[in-house]
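A quick write-up on the structure given underneath.
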Amino acid sequence: MSTLTLRATRPSPYRLNLFGIVPNRLAGLTQADIRQLPIGVETGTGRLGDWFELIDGEREKITFAGDVSNCDGLGGGLESGLIEIDGNVGDFLADRMTSGELIVRGSAGRYACSSLRGGHVSIEGNCGEFAAAGGPPRTRGN
């Protein structure tokens, strides 16, 4: 079976918080369940399906495609599996990630891997300020 793909359907004028949209939390969910997952939107809350088209596949691997440069917290809470991001990604990449693998084929925003606890992260482009530093309110990196 192929990978589960979340393709950004439209550029977001707002910051989107995708913390927790990770393989270990999607296991056992249907396509409809995944589309209805709540996400943080700069103006409040929304549903994942409001911003992303879902192309179904195995849940152990997620690919984010399209413009996710305004998406923060990608890979946040990852405990197992693989996440691939084709392009640039927002701030707080891999926030509180403990295991698994995250690959970015582009650049990452501020605080990338600043609260990483385990796993493997590969960023093929540049990182914003405070990469691998102590994220707020921490005083040191992990």
Side-chain angles (χ1 to χ4, degrees), residues 1-128 130-138 140-142:
M1 187 181 266
S2 62
T3 181
L4 174 66
T5 301
L6 297 172
R7 182 177 313 281
T9 55
R10 56 188 168 139
S12 171
Y14 309 110
R15 308 274 330 159
L16 302 178
N17 184 343
L18 299 182
F19 182 93
I21 307 298
V22 293
N24 45 284
R25 294 193 181 157
L26 301 185
L29 297 181
T30 67
Q31 288 184 48
D33 292 337
I34 294 170
R35 284 188 190 95
Q36 292 301 312
L37 287 172
I39 61 169
V41 179
E42 190 173 10
T43 58
T45 59
R47 302 280 175 207
L48 188 64
D50 296 340
W51 300 96
F52 290 88
E53 169 192 8
L54 187 140
I55 302 166
D56 203 17
E58 64 180 285
R59 305 294 192 262
E60 279 300 305
K61 180 179 174 187
I62 300 174
T63 299
F64 285 90
D67 183 5
V68 293
S69 59
N70 281 357
C71 295
D72 300 330
L74 272 166
L78 182 64
E79 296 173 357
S80 65
L82 169 67
I83 295 177
E84 294 181 323
I85 301 165
D86 294 328
N88 298 333
V89 64
D91 301 336
F92 298 100
L93 178 74
D95 186 32
R96 291 174 268 162
M97 177 178 160
T98 58
S99 190
E101 185 175 8
L102 198 154
I103 300 169
V104 179
R105 292 186 185 88
S107 295
R110 299 172 301 141
Y111 293 102
C113 304
S114 62
S115 58
L116 180 70
R117 303 226 180 348
H120 177 82
V121 177
S122 173
I123 301 169
E124 296 178 4
N126 297 314
C127 289
F130 311 112
R138 297 169 194 86
R140 55 180 267 221
N142 294 317

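Note that these values count all heavy atoms, side chains included, but never hydrogens, waters or copies made by symmetry. In this text, all values refer to a predicted model and were calculated from it rather than measured experimentally.
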Item to check | Main-chain N/O of Ser115 paired with Arg117 side-chain donor or acceptor, under 3.5 Å | outcome: yes
Checklist entry - Out of curiosity, Lys61 NZ to Thr63 OG1, how far, rounded to the nearest 0.5 Å? => result 5.0 Å
Checklist entry - Are the side chain of Asp72 and the backbone of Asp91 linked by a donor-acceptor contact shorter than 3.5 Å? => result yes
Item to check | Nearest heavy atoms of Val41 and Gly46, plus distance in Å | outcome: CG2-N, 3.7 Å
Next on the checklist: If you count heavy atoms of other groups shown closer than 6.0 angstrom to CZ of Arg7, is the number above 12?
Outcome noted: no
Next on the checklist: Has Asn24 got a side-chain atom pairing as donor or acceptor with Glu79's backbone, closer than 3.5 angstrom?
Outcome noted: yes
Checklist entry - Hey, does the Lys NZ or Arg CZ of Arg96 hover above the aromatic six-ring of Phe19, less than 6.0 Å from the centre and inside 45° of the axis? => result yes
Checklist entry - Where the side chain of Asn88 meets the backbone of Ser107, is there a donor-acceptor pair that is under 3.5 Å apart? => result yes
Next on the checklist: Please verify the inter-ring angle class for Tyr111 with Phe130; under 30° counts as parallel, over 60° as perpendicular, anything in between as tilted.
Outcome noted: parallel
Item to check | Aromatic ring pairing Tyr14/Trp51, orientation class (parallel under 30°, perpendicular over 60°, tilted between) | outcome: perpendicular
Checklist entry - For Arg15, does the CZ atom have more than 12 heavy-atom neighbours from other residues, nucleotides or ligands under 6.0 Å away? => result yes
Item to check | Under 3.5 Å donor-acceptor, Ser69 side chain and Gly90 backbone | outcome: no
Checklist entry - Does a sphere of radius 6.0 Å around CG in Asp33 hold more than 12 heavy atoms from other residues, nucleotides or ligands, not counting ones at 6.0 Å or beyond? => result yes
Checklist entry - Are the side chain of Asp50 and the backbone of Arg47 linked by a donor-acceptor contact shorter than 3.5 Å? => result yes
Item to check | Residues Ser12 and Asn70: side-chain donor-acceptor under 3.5 angstrom | outcome: no
Checklist entry - Per the side-chain contact (heavy atoms from CB on, under 4.5 Å) rule, which among Leu48, Leu6, Thr5 passes with Leu54? => result Leu6
